[in-house]
Amino acid sequence: MNATAILTLCHLNFPAKCSCSFLCKPNLALNLFSSNTKTNQCLQKRSSLSLGVSSSETAHLVVEDDLNAFLQILPCDLRDRLLNGSKRGQLLEVILDLGQLPEARYQGEFGGKYLRSTEVSIEELEYAQNAVGEFGGDNRAGIEGTLHRISAIRSRKGSIVGLTCRVGRAVSGHVDMVYDLLQFGQSILFVGRPGVGKTTVMREIARVLSDEFHKRVVIVDTSNEIGGDGDIPHAAIGNARRMQVPEPSLQHKVMIEAVENHMPEVIIVDEIGTETEAVACRSIAERGIMLIGTAHGEWLENIIKNPTLSDLIGGVETVTLGDEEARARRCQKSILERKAPPTFYFLIEMRERHYWVTHKTQKSVDMLLRGQNPSVEIRKRDDRFNVVIERWQTYDRHEI
């Protein structure tokens with residue numbers, strides 16, 4: 001049985017007049033980048049019809065976690081304690097390390113909480129190992145039909161001595177934070193530290209693009225995190241198709257295969273982390289295909305300074321200016337400049353689960369390389385979980 005938690009949100013209302021901050025209704029949010037009337041009307045229609053509520057009613061953020069299936073791989077005493085705990089809805093992961101106390105970690109809390117006073121035994125690790133699917137080359141496995149991820153730590157001899165059991169959740173309603181940007185058909189890169197919710201957002205974007213926008217969507221699912229374990233993908237991705245990757249090192253090849261064999265309009269790929277994957281992304285984008293991707297890093301600057309991933313935002317090169325040009329710019333003769341158009345039109349920094357900073361990649365990169373702070377868009381939820389967009393904010397990576 002699926003465990004479902006429903007968080008009530010106020011519907012996306014907005015004031016009649018606004019300057020830099022407003023409650024998000026998609027057609028207003030779009031005005032930051034476009035004045036396309038047809039697109040705005042389409043978004044307004046979705047706001048009133050797709051959600052099935054009027055502006056005076058409430059919408060819902062639905063979280064499906066399949067927690068019962070997750071708990072079945074744990075020892076009985078831990079299972080009972082977590083099942084009856086008051087914070088089960090905030091459970092993030094369970095740590096089982098041989099000879100150590102089992103530990104639970106929760107969203108919004110620093111550190112973990114020990115679940116009992118006796119250490120984890122080898123028999124308990126073997127039980128959990130047998131209850132999940134086969135571990136791949138990246139030492140990750142899953143529970144078939146769910147979104148949970150089990151990651152192994154091995155000894156030098158190859159035996160499993162530790163497990164990180166992470167709860168996977170399908171969230172419906174989170175895409176409202178970026179729904180207006182999806183209308184552009186432009187590529188979007190999400191960056192953020194592990195655990196901030198990048199994969200969760202990608203999963204719902206796949207569903208919305210395939211079911212509501214009627215796009216041909218293909219997910220390149222390297223560790224089965226987006227579509228879940230097993231040959232049949234989780235219902236959370238809607239009608240999107242899923243291509244599994246036999247080895248993490250082959251992700252870039254599967255990305256190109258998806259384009260050449262299956263005629264997608266949208267490619268979704270999680271955890272872009274190598275130079276070959278960055279090159280594959282550029283090749284796909286140059287064919288006119290919309291890309292939705294994620295990369296680890298908290299700030300746009302992390303991508304700019306990363307030689308492996310900098311091609312995603314256009315790459316950086318050193319340029320020597322002439323004397324007159326240097327005087328006109330009031331800068332040194334050797335400067336850094338972007339060397340190519342960015343692969344991703346938008347870049348979103350996921351600072352927190354409900355606090356995002358949106359860049360138009362080309363403008364932000366150019367200004368940062370000149371030592372200037374670009375204007376960005378802050379997307380967040382307020383105390384009542386309304387989506388609030390603050391436009392034309394000066395970018396400050398030390399803001400929070």
Side-chain angles (χ1 to χ4, degrees), residues 32-33 177-178 181-182 184 186-202 205 220 222-223 225-226 248-249 251-252 255 266-286 289-319 335-353 355-380 393-400:
L32 175 60
F33 301 116
M177 295 276 280
V178 291
L181 298 184
L182 298 180
F184 288 95
Q186 299 285 356
S187 297
I188 305 175
L189 179 67
F190 292 87
V191 299
R193 65 182 185 277
V196 80
K198 298 188 298 298
T199 303
T200 301
V201 174
M202 299 272 284
I205 287 177
V220 178
T222 303
S223 298
E225 284 196 71
I226 300 178
S249 60
Q251 176 168 282
H252 66 286
M255 291 166 63
V266 182
I267 291 284
I268 294 181
V269 57
D270 201 9
E271 295 186 1
I272 302 166
T274 67
E275 186 174 356
T276 54
E277 291 165 9
V279 172
C281 286
R282 177 166 295 278
S283 175
I284 292 170
E286 288 173 349
I289 296 171
M290 181 181 180
L291 266 172
I292 307 292
T294 71
H296 286 308
E298 292 191 66
W299 326 97
L300 171 56
E301 291 99 316
N302 297 144
I303 308 299
I304 293 175
K305 295 176 181 179
N306 187 331
T308 302
L309 299 179
S310 63
D311 189 59
L312 299 175
I313 48 85
V316 179
E317 63 182 356
T318 301
V319 176
I335 63 171
L336 295 176
E337 285 192 347
R338 178 176 47 82
K339 64 181 180 181
T343 301
F344 291 90
Y345 189 86
F346 295 111
L347 184 145
I348 297 177
E349 299 177 4
M350 295 181 66
R351 302 283 185 88
E352 299 292 343
R353 215 166 265 275
Y355 188 103
W356 302 357
V357 178
T358 306
H359 295 269
K360 287 186 72 174
T361 309
Q362 181 169 310
K363 290 184 177 180
S364 290
V365 170
D366 289 347
M367 292 189 70
L368 287 170
L369 291 176
R370 295 178 193 141
Q372 302 171 349
N373 287 327
S375 294
V376 296
E377 194 176 75
I378 306 298
R379 294 167 178 254
K380 59 186 179 180
Q393 301 297 301
T394 301
Y395 178 65
D396 181 5
R397 70 185 185 90
H398 302 294
E399 183 176 352
I400 62 173

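Reckoned from all heavy atoms, side chains included, excluding hydrogens, waters and symmetry mates. Only a predicted model underlies this, so the values are computations on that prediction, with no experimental measurement involved.
Nearest heavy-atom pair across Thr343 and Arg282 is OG1-NH2, 3.4 Å. Annotation for Ile268 and Met202: closest pair CG2-CE, 3.3 Å, computed over non-hydrogen atoms. In terms of heavy atoms, Glu352 sits closest to Arg193 at OE1-NH2, 3.0 Å. Taking every heavy atom of both residues into account, Ser364 and Val376 meet most closely at OG-CG1, 4.5 Å. Here the closest heavy-atom approach between residue Val178 and residue Trp356 is recorded as CG1-CZ3, 3.3 Å. Considering all non-hydrogen atoms of both residues, Thr361 and Pro342 come closest at CG2-CB, 3.8 Å.
A heavy-atom distance below 4.5 Å is found between the side chains of Phe190 and Ile205. By the 4.5 Å heavy-atom criterion applied to side chains, Ile284 and Met255 are counted as neighbours. Contact check for Gln186 versus Phe346: side-chain heavy atoms found under the 4.5 Å cut-off. Side-chain contact between Leu309 and Ile272: present, with at least one pair of heavy atoms (C-beta onward) separated by less than 4.5 Å. Within the 4.5 Å cutoff, the side chain of Phe344 has heavy atoms near those of the Leu291 side chain. In this structure, the side chains of Tyr355 and Ile378 come closer than 4.5 Å at one or more pairs of heavy atoms. For the pair Ile348/Leu189, no side-chain contact is recorded, criterion being any heavy-atom separation below 4.5 Å from C-beta on. Looking at Leu181 and Thr358, their side chains come closer than 4.5 Å, going by heavy atoms from C-beta outward.
For the pair Glu337 and Lys339, the salt-bridge criterion is not met [side-chain N within less than 4.0 Å of a carboxylate O].
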Pair Val365-Leu300, side-chain contact (heavy atoms from CB on, under 4.5 Å): steps then yes or no = CA-CA 8 Å; Val365 170; Leu300 171 56; 4.2 Å; yes

(message) What verdict does the side-chain contact (heavy atoms from CB on, under 4.5 Å) test give for Ser310 and Ile304, after you've listed the backbone C-alpha separation in whole Å, the side-chain angles of each residue and the deciding distance to 0.1 Å?
(response) CA-CA 5 Å; Ser310 63; Ile304 293 175; 5.9 Å; no

**Message:** Quick one, Glu301 with Ile303, criterion side-chain contact (heavy atoms from CB on, under 4.5 Å). Give me CA distance, side-chain angles, the key distance, then yes/no.
**Reply:** CA-CA 5 Å; Glu301 291 99 316; Ile303 308 299; over 6 Å; no

Kindly indicate, with the supporting measurements, whether the criterion side-chain hydrogen bond (donor to acceptor under 3.5 Å, both in side chains) is fulfilled by Asn373 and Thr394. CA-CA 6 Å; Asn373 287 327; Thr394 301; over 6 Å; no

Under the side-chain hydrogen bond (donor to acceptor under 3.5 Å, both in side chains) criterion, do Tyr395 and Gln372 qualify, and how do the steps go? CA-CA 9 Å; Tyr395 178 65; Gln372 302 171 349; over 6 Å; no

task: With side-chain contact (heavy atoms from CB on, under 4.5 Å) as the test, would you mind laying out the steps for Gln362 and Arg338 before giving the verdict?
output: CA-CA 8 Å; Gln362 181 169 310; Arg338 178 176 47 82; 3.1 Å; yes

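Heavy atoms from other residues, nucleotides or ligands lying under 6.0 Å from CD of Glu275 number 12 at most.
Annotation: the span from Met177 atom CE to Arg379 atom CZ amounts to 8.0 Å, rounded to 0.5 Å. The CG atom of Leu368 lies 9.5 Å from the CD1 atom of Ile313; values are rounded to the nearest 0.5 Å. Between atom OG of residue Ser375 and atom NE2 of residue His359 there is a gap of 11.0 Å, rounded to the nearest 0.5 Å. Atom CG of Leu347 and atom NZ of Lys360 lie 14.0 Å apart (nearest 0.5 Å). Distance check: Ile292 CD1 to Ile226 CD1 gives 11.0 Å after rounding to the nearest 0.5 Å.
Under the 3.5 Å distance criterion, the side-chain polar atoms of Asn302 are matched with a main-chain donor or acceptor of Trp299. Here the side chain of Lys198 pairs a donor or acceptor atom with the backbone of Gly192 at under 3.5 angstrom.
Here the options are Arg351, Glu298, His296, Met350, the test is side-chain contact (heavy atoms from CB on, under 4.5 Å), and the partner is Val196; only Met350 passes.
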